[in-house]
Amino acid sequence: MRMSAKAEYATRAMVHMATLEQDELIKSEDLATAQEIPPQFLLDILSDLRGARLVRSVRGREGGYALARPASEINLAEVLRCIDGPLASVHNVGLGDLPYVGPTARLTDVWMALRASMRSVLEQTTLADVAGQRLPPHVRELAADYRQQERGRTKRRRA
């Protein structure tokens, strides 16, 4: 999976907002500074998130942005889909419509498994999970497995 800068910034902004008190507003400039996101880029992101009803905005001097729903009700998949579209696609073609034949026909199953794997992590991990550092057990296990594999690769490269 390749995540765009826009999707990564959106996720960081949303997790940051998840740490605020319910109904507390944050100004876009303060959020941009806190997360080191280019301010104009963040405004574009917030506009997309507002359009998807993931954040709400209040205009005026005391205005700002806040999550539109409790952080425990917004999963990471919603944020990423809002910004980048489907979690896994091949040339923007539905996975069931891929024109694979012969020895490549089973690639469709591989891409479907990849999407299912991403969904199992992203749809079951909420902003509250990340902000509260309480990731679902299967996500913690996958991350631990990844770290262990990376340590093994690093050791082999040094040898």
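Computation of the quantities below employed the complete heavy-atom set of this structure, encompassing side-chain atoms and omitting hydrogens, waters and symmetry-equivalent molecules.
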Going only through I, L, V, M, F, W and Y residues with side-chain contacts under 4.5 Å, is there a path from [X] to [Y]?
X	Y	answer
M3	L142	yes
V58	I45	no
L43	L25	no
L46	I26	yes

Inset, instruction - Give a yes or no on whether the backbone of V121 and the side-chain of T125 come within a donor-acceptor separation of less than 3.5 Å. - result: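 Checking the backbone N and O of V121 against the side chain of T125, a donor-acceptor pair under 3.5 Å is found.
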Legend entry - Donor-acceptor under 3.5 Å (S117 side chain, A113 main chain):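 No; zero donor-acceptor contacts below 3.5 Å.
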Which value, rounded to the nearest 0.5 Å, describes the distance between [X] atom [atom1] and [Y] atom [atom2]?
X	Y	atom1	atom2	answer
R151	R147	CZ	CZ	8.0 Å
S47	L42	OG	CG	11.0 Å
D84	E8	CG	CD	11.0 Å

So do the side chains of [X] and [Y] get within less than 4.5 Å of each other, counting heavy atoms only?
X	Y	answer
D129	T126	yes
D23	R56	yes
L20	Y65	no
E24	T19	no
Y9	P38	yes
L31	I37	no
L114	V110	no
Q22	L67	no

Inset, instruction - For the pair R106 and D109, evaluate salt bridge (charged side-chain N to carboxylate O under 4.0 Å, His left out) and give the outcome as yes or no after the intermediate values. - result: CA-CA 5 Å; R106 294 283 50 116; D109 291 339; 2.7 Å; yes
Which atom names give the shortest non-hydrogen contact between [X] and [Y], and what distance separates them?
X	Y	result
H16	A34	CE1-CB, 3.6 Å
A128	R134	O-NH2, 3.6 Å
K6	D48	NZ-OD2, 2.7 Å
E73	E78	O-OE2, 3.5 Å
A7	S4	N-OG, 3.0 Å
A52	C82	CB-SG, 3.6 Å

Surrounding [atom1] of [X] (heavy atoms of other residues, nucleotides or ligands, distance under 6.0 Å), is the total greater than 12?
X	atom1	answer
R140	CZ	yes
R69	CZ	yes
E150	CD	yes

Legend entry - salt bridge (charged side-chain N to carboxylate O under 4.0 Å, His left out) between E62 and K27, worked out: CA-CA 9 Å; E62 300 300 316; K27 296 196 177 304; 5.9 Å; no
Inset, instruction - Check the pair H138 / Q124 against side-chain contact (heavy atoms from CB on, under 4.5 Å), numbers first and verdict last. - result: CA-CA 9 Å; H138 77 287; Q124 295 174 32; 3.2 Å; yes
